[in-house]
Amino acid sequence: MALFGFLSADIAIDLGTANTLIYIKGKGIILNEPSIVAFDETTKKIIAVGHEAKQMHEKTHKGIKTIRPMGDGVIADFEIAEGMLRAFIKKVHSSIFPSSRVVICVPSGITEVEKRAVRDSAEHAGAKEVYLLAEPMAAAIGVGLDVSSPVGNMIIDIGGGTTEIAVISLSGIANGASIRVAGDELNIAIVEYFRKNYNILIGERTAEEIKCQVGSVMPLKEEVIIEVKGRDLVSGLPKMTEVSSIEIREALSDPVNQMIRAIKVALENTQPELASDILDRGIMLSGGGALIKGLDERIRLETNLPVHVAEDPLTAVVRGAGRVLEDLQKYSKVLIRSKKY
Ligand code: ADP
Ligand code: MG
(Lines give C-alpha, C1' and ligand atoms only; values in the text may rest on other atoms or scores of the structure.)
(Ligands and ions follow the chains in the order given, each with its own letter.)
Protein backbone atom coordinates (compact mmCIF):
# COMPACT_ATOMS: atom_id res chain seq x y z
CA MET A 1 0.00 0.00 0.00
CA ALA A 2 2.79 2.39 0.93
CA LEU A 3 4.09 2.04 -2.60
CA PHE A 4 0.91 3.57 -3.93
CA GLY A 5 0.64 6.14 -1.19
CA PHE A 6 1.22 8.96 -3.63
CA LEU A 7 -2.03 8.10 -5.35
CA SER A 8 -4.12 8.74 -2.31
CA ALA A 9 -5.32 12.21 -1.42
CA ASP A 10 -6.22 13.99 1.77
CA ILE A 11 -9.65 15.52 1.59
CA ALA A 12 -11.99 17.71 3.62
CA ILE A 13 -15.73 17.22 3.41
CA ASP A 14 -18.68 19.41 4.30
CA LEU A 15 -21.44 16.82 4.33
CA GLY A 16 -24.30 19.27 4.70
CA THR A 17 -28.01 18.55 4.86
CA ALA A 18 -28.50 20.50 1.64
CA ASN A 19 -25.09 20.46 -0.08
CA THR A 20 -21.93 18.39 -0.01
CA LEU A 21 -18.61 20.07 -0.76
CA ILE A 22 -15.24 18.39 -1.07
CA TYR A 23 -11.82 19.99 -0.87
CA ILE A 24 -8.67 18.19 -1.95
CA LYS A 25 -5.42 19.07 -0.24
CA GLY A 26 -3.32 21.31 -2.41
CA LYS A 27 -6.11 21.72 -4.97
CA GLY A 28 -9.10 23.43 -3.36
CA ILE A 29 -12.83 22.82 -3.68
CA ILE A 30 -13.46 20.29 -6.41
CA LEU A 31 -17.02 19.18 -5.70
CA ASN A 32 -20.14 21.12 -4.75
CA GLU A 33 -23.39 19.20 -5.21
CA PRO A 34 -26.75 18.77 -3.50
CA SER A 35 -26.81 16.07 -0.78
CA ILE A 36 -29.47 14.09 -2.61
CA VAL A 37 -29.57 10.46 -3.64
CA ALA A 38 -31.87 8.73 -6.13
CA PHE A 39 -32.20 5.01 -5.63
CA ASP A 40 -34.16 2.00 -6.78
CA GLU A 41 -36.72 1.24 -4.12
CA THR A 42 -36.67 -2.49 -4.52
CA THR A 43 -32.96 -3.14 -4.88
CA LYS A 44 -31.85 -0.08 -2.85
CA LYS A 45 -29.23 0.46 -5.55
CA ILE A 46 -28.12 4.07 -5.94
CA ILE A 47 -29.03 5.42 -9.38
CA ALA A 48 -27.74 8.97 -9.08
CA VAL A 49 -26.31 11.41 -6.56
CA GLY A 50 -25.92 15.19 -6.41
CA HIS A 51 -27.06 17.42 -9.29
CA GLU A 52 -28.33 14.47 -11.27
CA ALA A 53 -30.42 13.21 -8.35
CA LYS A 54 -31.76 16.71 -7.68
CA GLN A 55 -33.16 16.87 -11.21
CA MET A 56 -35.20 13.81 -10.32
CA HIS A 57 -36.23 15.08 -6.88
CA GLU A 58 -40.01 15.30 -6.42
CA LYS A 59 -40.46 14.22 -10.03
CA THR A 60 -39.93 10.52 -9.59
CA HIS A 61 -42.31 7.65 -10.22
CA LYS A 62 -42.92 4.43 -8.35
CA GLY A 63 -39.71 2.47 -8.17
CA ILE A 64 -37.31 5.41 -7.99
CA LYS A 65 -37.06 7.36 -4.80
CA THR A 66 -35.00 10.43 -3.95
CA ILE A 67 -33.95 11.28 -0.43
CA ARG A 68 -31.71 13.67 1.44
CA PRO A 69 -29.93 11.23 3.71
CA MET A 70 -28.46 13.93 5.96
CA GLY A 71 -31.93 14.77 7.19
CA ASP A 72 -31.85 17.15 10.10
CA GLY A 73 -28.14 17.71 10.13
CA VAL A 74 -27.01 14.26 11.08
CA ILE A 75 -27.22 10.98 9.25
CA ALA A 76 -30.87 10.01 8.90
CA ASP A 77 -30.35 7.02 6.65
CA PHE A 78 -27.02 5.44 7.39
CA GLU A 79 -26.71 3.09 4.41
CA ILE A 80 -27.80 5.62 1.81
CA ALA A 81 -25.63 8.37 3.34
CA GLU A 82 -22.62 6.12 3.13
CA GLY A 83 -23.44 5.24 -0.47
CA MET A 84 -23.74 8.93 -1.29
CA LEU A 85 -20.43 9.78 0.36
CA ARG A 86 -18.75 6.93 -1.46
CA ALA A 87 -20.20 8.08 -4.80
CA PHE A 88 -19.03 11.66 -4.23
CA ILE A 89 -15.55 10.55 -3.22
CA LYS A 90 -15.39 8.35 -6.32
CA LYS A 91 -16.26 11.34 -8.48
CA VAL A 92 -13.29 13.36 -7.25
CA HIS A 93 -10.95 10.48 -6.89
CA SER A 94 -10.82 8.41 -10.00
CA SER A 95 -8.40 5.93 -8.49
CA ILE A 96 -9.67 3.18 -6.24
CA PHE A 97 -6.97 3.85 -3.70
CA PRO A 98 -8.24 4.99 -0.36
CA SER A 99 -7.76 8.52 0.79
CA SER A 100 -5.37 8.87 3.67
CA ARG A 101 -6.80 11.59 5.81
CA VAL A 102 -10.29 12.97 5.84
CA VAL A 103 -11.50 16.00 7.77
CA ILE A 104 -15.26 15.85 8.01
CA CYS A 105 -17.56 18.53 9.39
CA VAL A 106 -20.38 17.69 11.76
CA PRO A 107 -22.98 19.74 13.63
CA SER A 108 -21.70 20.90 17.02
CA GLY A 109 -24.52 19.25 18.96
CA ILE A 110 -23.71 15.77 17.66
CA THR A 111 -23.90 12.81 20.08
CA GLU A 112 -21.24 10.12 20.55
CA VAL A 113 -23.38 7.66 18.60
CA GLU A 114 -23.74 10.09 15.72
CA LYS A 115 -20.00 10.83 15.76
CA ARG A 116 -19.37 7.15 15.44
CA ALA A 117 -21.82 6.84 12.55
CA VAL A 118 -20.08 9.64 10.64
CA ARG A 119 -16.64 8.22 11.39
CA ASP A 120 -17.72 4.74 10.27
CA SER A 121 -19.25 6.10 7.07
CA ALA A 122 -16.06 7.91 6.18
CA GLU A 123 -13.97 4.84 6.98
CA HIS A 124 -16.21 2.57 4.90
CA ALA A 125 -15.91 5.08 2.09
CA GLY A 126 -12.14 4.62 2.15
CA ALA A 127 -10.72 7.02 4.74
CA LYS A 128 -7.76 5.80 6.74
CA GLU A 129 -7.72 8.56 9.34
CA VAL A 130 -10.84 10.52 10.15
CA TYR A 131 -10.87 13.90 11.89
CA LEU A 132 -14.13 15.46 13.00
CA LEU A 133 -14.56 19.22 13.00
CA ALA A 134 -17.58 21.14 14.32
CA GLU A 135 -19.36 23.02 11.53
CA PRO A 136 -19.37 26.45 13.23
CA MET A 137 -15.65 26.08 13.99
CA ALA A 138 -15.01 25.23 10.34
CA ALA A 139 -17.11 28.20 9.23
CA ALA A 140 -15.22 30.54 11.57
CA ILE A 141 -11.86 29.36 10.22
CA GLY A 142 -13.23 29.54 6.67
CA VAL A 143 -14.12 33.20 7.02
CA GLY A 144 -10.70 33.93 8.46
CA LEU A 145 -11.53 34.54 12.13
CA ASP A 146 -8.66 33.96 14.53
CA VAL A 147 -10.18 31.08 16.48
CA SER A 148 -7.17 30.42 18.69
CA SER A 149 -6.93 33.84 20.33
CA PRO A 150 -8.55 34.51 23.73
CA VAL A 151 -11.19 36.64 22.06
CA GLY A 152 -14.86 35.81 21.61
CA ASN A 153 -16.23 35.46 18.08
CA MET A 154 -19.85 34.66 17.36
CA ILE A 155 -20.66 32.71 14.23
CA ILE A 156 -24.07 31.62 13.02
CA ASP A 157 -24.19 29.02 10.27
CA ILE A 158 -27.63 28.63 8.72
CA GLY A 159 -27.82 25.53 6.58
CA GLY A 160 -30.72 23.47 5.28
CA GLY A 161 -31.48 21.41 8.37
CA THR A 162 -29.82 23.23 11.24
CA THR A 163 -28.86 26.67 12.43
CA GLU A 164 -25.63 26.45 14.38
CA ILE A 165 -24.86 29.27 16.76
CA ALA A 166 -21.45 29.33 18.44
CA VAL A 167 -19.21 31.60 20.44
CA ILE A 168 -15.63 30.60 19.72
CA SER A 169 -12.55 31.43 21.74
CA LEU A 170 -9.19 29.71 22.45
CA SER A 171 -9.78 27.07 19.74
CA GLY A 172 -12.98 25.85 21.35
CA ILE A 173 -16.69 26.51 21.41
CA ALA A 174 -17.38 28.46 24.62
CA ASN A 175 -21.10 28.19 24.22
CA GLY A 176 -23.47 27.44 21.45
CA ALA A 177 -26.76 26.07 20.30
CA SER A 178 -27.95 24.04 17.40
CA ILE A 179 -31.59 24.32 16.41
CA ARG A 180 -33.43 22.40 13.76
CA VAL A 181 -34.91 25.49 12.21
CA ALA A 182 -33.06 26.57 9.07
CA GLY A 183 -33.51 26.76 5.30
CA ASP A 184 -35.78 23.71 5.02
CA GLU A 185 -38.18 25.08 7.62
CA LEU A 186 -38.42 28.28 5.61
CA ASN A 187 -39.41 26.25 2.54
CA ILE A 188 -42.00 24.34 4.55
CA ALA A 189 -43.41 27.62 5.89
CA ILE A 190 -43.89 28.84 2.31
CA VAL A 191 -45.64 25.61 1.28
CA GLU A 192 -47.93 25.93 4.32
CA TYR A 193 -48.70 29.55 3.54
CA PHE A 194 -49.97 28.67 0.07
CA ARG A 195 -51.98 25.76 1.37
CA LYS A 196 -53.68 27.83 4.04
CA ASN A 197 -54.16 31.12 2.24
CA TYR A 198 -54.56 30.11 -1.39
CA ASN A 199 -55.69 26.48 -1.22
CA ILE A 200 -52.78 25.66 -3.49
CA LEU A 201 -50.29 22.91 -3.00
CA ILE A 202 -46.82 23.82 -4.22
CA GLY A 203 -43.73 21.60 -4.27
CA GLU A 204 -40.78 22.20 -1.97
CA ARG A 205 -38.57 22.99 -4.94
CA THR A 206 -40.93 25.76 -5.96
CA ALA A 207 -40.97 26.99 -2.37
CA GLU A 208 -37.19 27.08 -2.32
CA GLU A 209 -37.07 29.07 -5.57
CA ILE A 210 -39.55 31.58 -4.14
CA LYS A 211 -37.49 31.87 -0.95
CA CYS A 212 -34.23 32.48 -2.78
CA GLN A 213 -35.71 34.92 -5.30
CA VAL A 214 -38.04 37.05 -3.20
CA GLY A 215 -37.79 35.74 0.38
CA SER A 216 -36.98 38.50 2.85
CA VAL A 217 -37.14 39.34 6.52
CA MET A 218 -37.13 43.14 6.25
CA PRO A 219 -39.13 45.40 3.94
CA LEU A 220 -37.58 45.51 0.45
CA LYS A 221 -36.75 48.72 -1.37
CA GLU A 222 -39.14 47.55 -4.03
CA GLU A 223 -41.67 44.91 -3.14
CA VAL A 224 -42.44 42.58 -6.06
CA ILE A 225 -45.29 40.42 -7.30
CA ILE A 226 -44.50 36.93 -8.57
CA GLU A 227 -46.48 34.19 -10.28
CA VAL A 228 -46.61 30.86 -8.49
CA LYS A 229 -47.80 27.57 -9.93
CA GLY A 230 -49.17 24.63 -8.00
CA ARG A 231 -52.17 22.35 -7.70
CA ASP A 232 -55.53 23.66 -6.59
CA LEU A 233 -56.58 21.69 -3.52
CA VAL A 234 -60.27 22.11 -4.32
CA SER A 235 -60.44 21.35 -8.04
CA GLY A 236 -57.31 19.24 -8.13
CA LEU A 237 -56.19 21.07 -11.25
CA PRO A 238 -52.95 22.95 -11.90
CA LYS A 239 -53.35 26.60 -10.99
CA MET A 240 -51.39 29.82 -11.07
CA THR A 241 -51.65 32.67 -8.61
CA GLU A 242 -49.95 35.98 -7.97
CA VAL A 243 -48.36 36.75 -4.66
CA SER A 244 -46.35 39.64 -3.27
CA SER A 245 -42.98 39.60 -1.54
CA ILE A 246 -44.77 41.10 1.49
CA GLU A 247 -46.83 37.93 1.82
CA ILE A 248 -43.75 35.73 1.49
CA ARG A 249 -42.14 37.71 4.30
CA GLU A 250 -45.21 37.04 6.42
CA ALA A 251 -44.94 33.34 5.55
CA LEU A 252 -41.33 33.26 6.77
CA SER A 253 -41.90 35.16 9.99
CA ASP A 254 -42.47 32.22 12.33
CA PRO A 255 -39.29 30.25 11.64
CA VAL A 256 -37.26 33.47 11.38
CA ASN A 257 -38.52 34.54 14.81
CA GLN A 258 -37.45 31.17 16.19
CA MET A 259 -33.94 31.74 14.85
CA ILE A 260 -33.81 35.23 16.36
CA ARG A 261 -34.96 33.88 19.71
CA ALA A 262 -32.23 31.21 19.68
CA ILE A 263 -29.60 33.86 18.89
CA LYS A 264 -30.78 35.99 21.81
CA VAL A 265 -30.71 33.03 24.19
CA ALA A 266 -27.17 32.19 23.06
CA LEU A 267 -26.11 35.79 23.72
CA GLU A 268 -27.69 35.67 27.17
CA ASN A 269 -25.69 32.54 27.92
CA THR A 270 -22.38 34.10 26.85
CA GLN A 271 -19.85 35.00 29.53
CA PRO A 272 -19.60 38.77 30.02
CA GLU A 273 -15.97 39.02 28.81
CA LEU A 274 -16.76 37.18 25.62
CA ALA A 275 -19.97 39.18 25.22
CA SER A 276 -17.96 42.39 25.30
CA ASP A 277 -15.72 41.04 22.51
CA ILE A 278 -18.83 40.29 20.45
CA LEU A 279 -20.04 43.83 21.04
CA ASP A 280 -16.84 45.07 19.35
CA ARG A 281 -16.46 42.43 16.68
CA GLY A 282 -20.05 41.58 15.89
CA ILE A 283 -21.71 38.44 14.59
CA MET A 284 -20.66 36.58 11.44
CA LEU A 285 -23.30 34.79 9.34
CA SER A 286 -22.49 31.84 7.09
CA GLY A 287 -24.32 29.01 5.32
CA GLY A 288 -26.87 29.37 2.52
CA GLY A 289 -29.46 30.75 4.93
CA ALA A 290 -27.28 33.83 5.46
CA LEU A 291 -28.40 34.94 1.98
CA ILE A 292 -32.03 35.58 2.87
CA LYS A 293 -32.60 39.22 2.09
CA GLY A 294 -32.44 41.48 5.13
CA LEU A 295 -31.43 38.83 7.65
CA ASP A 296 -28.26 40.64 8.68
CA GLU A 297 -30.16 43.89 9.08
CA ARG A 298 -32.87 42.17 11.12
CA ILE A 299 -30.36 40.56 13.50
CA ARG A 300 -28.58 43.91 13.84
CA LEU A 301 -31.87 45.53 14.77
CA GLU A 302 -32.79 42.83 17.27
CA THR A 303 -29.42 42.55 19.01
CA ASN A 304 -27.86 46.00 18.55
CA LEU A 305 -24.67 44.26 17.43
CA PRO A 306 -22.71 44.60 14.20
CA VAL A 307 -23.62 41.75 11.81
CA HIS A 308 -21.53 40.62 8.84
CA VAL A 309 -22.37 38.13 6.11
CA ALA A 310 -19.46 35.89 5.15
CA GLU A 311 -18.10 36.21 1.68
CA ASP A 312 -19.45 33.25 -0.30
CA PRO A 313 -21.35 31.89 2.73
CA LEU A 314 -22.15 28.53 1.08
CA THR A 315 -18.48 27.53 0.94
CA ALA A 316 -17.31 28.89 4.33
CA VAL A 317 -17.45 25.52 6.10
CA VAL A 318 -15.51 23.57 3.49
CA ARG A 319 -12.95 26.36 3.11
CA GLY A 320 -12.36 26.19 6.87
CA ALA A 321 -12.13 22.42 6.80
CA GLY A 322 -9.65 22.76 3.94
CA ARG A 323 -7.44 25.09 5.95
CA VAL A 324 -7.48 22.62 8.84
CA LEU A 325 -6.55 19.80 6.46
CA GLU A 326 -3.66 21.82 5.06
CA ASP A 327 -2.19 22.19 8.53
CA LEU A 328 -3.52 19.52 10.86
CA GLN A 329 -0.78 20.17 13.35
CA LYS A 330 -1.52 23.86 13.71
CA TYR A 331 -5.22 23.18 14.07
CA SER A 332 -5.05 20.03 16.19
CA LYS A 333 -6.79 21.81 19.08
CA VAL A 334 -9.90 22.68 17.11
CA LEU A 335 -10.69 19.09 16.15
CA ILE A 336 -13.40 17.22 18.02
CA ARG A 337 -12.01 14.67 20.37
CA SER A 338 -14.13 11.56 20.30
CA LYS A 339 -13.77 8.15 21.85
CA LYS A 340 -11.82 5.55 19.91
CA TYR A 341 -13.77 2.40 19.25
P1 ADP B 1 -26.13 22.67 4.52
O2 ADP B 1 -24.83 23.04 5.15
O3 ADP B 1 -27.15 22.21 5.51
O4 ADP B 1 -25.96 21.73 3.38
P5 ADP B 1 -26.04 25.15 3.04
O6 ADP B 1 -25.14 26.01 3.83
O7 ADP B 1 -25.50 24.55 1.81
O8 ADP B 1 -26.74 24.03 3.94
O9 ADP B 1 -27.32 26.05 2.70
C10 ADP B 1 -28.43 25.50 2.08
C11 ADP B 1 -29.64 26.32 2.44
O12 ADP B 1 -29.46 27.67 2.03
C13 ADP B 1 -30.89 25.81 1.71
O14 ADP B 1 -31.97 25.77 2.60
C15 ADP B 1 -31.09 26.87 0.63
O16 ADP B 1 -32.45 26.99 0.29
C17 ADP B 1 -30.59 28.11 1.32
N18 ADP B 1 -30.21 29.14 0.37
C19 ADP B 1 -29.30 29.07 -0.63
N20 ADP B 1 -29.25 30.22 -1.32
C21 ADP B 1 -30.15 31.06 -0.74
C22 ADP B 1 -30.61 32.41 -1.00
N23 ADP B 1 -30.09 33.12 -1.99
N24 ADP B 1 -31.57 32.91 -0.21
C25 ADP B 1 -32.09 32.19 0.80
N26 ADP B 1 -31.71 30.94 1.10
C27 ADP B 1 -30.76 30.37 0.33
MG1 MG C 1 -23.49 23.50 6.37
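Both counts, for ligands and for their atoms, begin at 1 and track the order of listing.
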Visitor: Nearest protein heavy-atom contact for atom 15 (C) of ligand 1: which residue, which atom, what distance?
Guide: Glu208 OE2, 3.0 Å
Visitor: When you check the gap from the basic side-chain N to the acidic O, do Glu112 and Lys115 get nearer than 4.0 Å?
Guide: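 Yes, this pair counts.
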Visitor: Tell me which protein heavy atom sits closest to atom 7 (O) of ligand 1, plus the residue, atom name and distance to 0.1 Å.
Guide: Asn19 ND2, 2.7 Å
Visitor: Could you say whether the N/O atoms of Asn187 and ligand 1 ever approach to under 3.5 Å?
Guide: no
Visitor: Using the side-chain contact (heavy atoms from CB on, under 4.5 Å) rule, take Val167 and Ile173 through it: C-alpha gap first, then chi angles, then the decisive distance, then the call.
Guide: CA-CA 6 Å; Val167 176; Ile173 294 177; over 6 Å; no
Visitor: Of the choices Asn32, Ile292, Thr315, which has the non-hydrogen atom that lies closest to atom 25 (C) of ligand 1?
Guide: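 Among Asn32, Ile292, Thr315, the closest heavy atom to atom 25 (C) of ligand 1 comes from Ile292.
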Visitor: Where is the nearest protein heavy atom to atom 2 (O) of ligand 1: which residue, which atom, and how far?
Guide: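 The closest heavy atom on the protein side is Gly16 CA, 3.8 Å.
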Visitor: Quick one: does Thr17 get an N or O within less than 3.5 Å of an N or O on ligand 1?
Guide: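 N/O-N/O distance below 3.5 Å exists for this pair.
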Visitor: Taking Leu170's backbone N and O only, do any of them form a donor-acceptor pair with Ser148's side chain (distance below 3.5 Å, no angle check)?
Guide: no
Visitor: Tell me which protein heavy atom sits closest to atom 10 (C) of ligand 1, plus the residue, atom name and distance to 0.1 Å.
Guide: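 Going by distance alone, atom 10 (C) of ligand 1 is nearest to Ala18 CB, 3.6 Å.
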Visitor: Going by heavy atoms, is Gly289 under 4.0 Å from ligand 1?
Guide: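 The answer is yes: ligand 1 sits under 4.0 Å from a heavy atom of Gly289.
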Visitor: What is the nearest protein non-hydrogen atom to atom 18 (N) of ligand 1, stated with its residue, atom name and distance?
Guide: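 Of the protein heavy atoms, Gly288 O, 3.5 Å lies nearest.
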Visitor: Quick check: does Leu314 get an N/O under 3.5 Å from an N/O on ligand 1?
Guide: no
Visitor: I'd like to check whether Gly287 has a polar contact with ligand 1, where a contact means an N/O of the residue lying under 3.5 Å from an N/O of the ligand.
Guide: no
Visitor: Charged N to carboxylate O under 4.0 angstrom, Arg68 versus Asp184?
Guide: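 Result for this pair is yes, salt bridge flagged.
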Visitor: Would you call Lys44 and Asp40 a salt bridge, using N to O less than 4.0 angstrom?
Guide: no
Visitor: Looking only at side chains, do Thr20 and Glu33 share a donor and an acceptor under 3.5 Å apart?
Guide: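 Side chains of Thr20 and Glu33: no pair found under 3.5 Å.
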Visitor: Quick check: does Asp14 get an N/O under 3.5 Å from an N/O on ligand 1?
Guide: no
Visitor: Please determine whether a side-chain nitrogen of the Lys or Arg among Glu326 and Lys25 lies less than 4.0 Å from a carboxylate oxygen of the Asp or Glu.
Guide: no
Visitor: With Val265 as reference, evaluate Asn269, Ile263, Leu267 under the side-chain contact (heavy atoms from CB on, under 4.5 Å) test and give the passing residue.
Guide: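 Exactly one option meets the side-chain contact (heavy atoms from CB on, under 4.5 Å) with Val265, and it is Asn269.
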Visitor: Report yes or no: does Arg298 contribute a side-chain atom to a donor-acceptor pair with the main-chain N or O of Val256 at less than 3.5 Å?
Guide: no
Visitor: Salt-bridge test for Glu185 and Arg180: reply yes if a basic N is under 4.0 Å from a carboxylate O, no otherwise.
Guide: no
Visitor: What residue and atom, counting heavy atoms only, is the protein's closest point to atom 22 (C) of ligand 1, and at what distance?
Guide: Leu291 CB, 3.5 Å
Visitor: Specify the protein heavy atom at minimum distance from atom 21 (C) of ligand 1: its residue, its atom name, and the distance to 0.1 Å.
Guide: Cys212 SG, 3.4 Å
Visitor: Any atoms of ligand 1 less than 4.0 Å from a non-hydrogen atom of Gly183? List them with their elements.
Guide: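 Close to Gly183: 14 (O).
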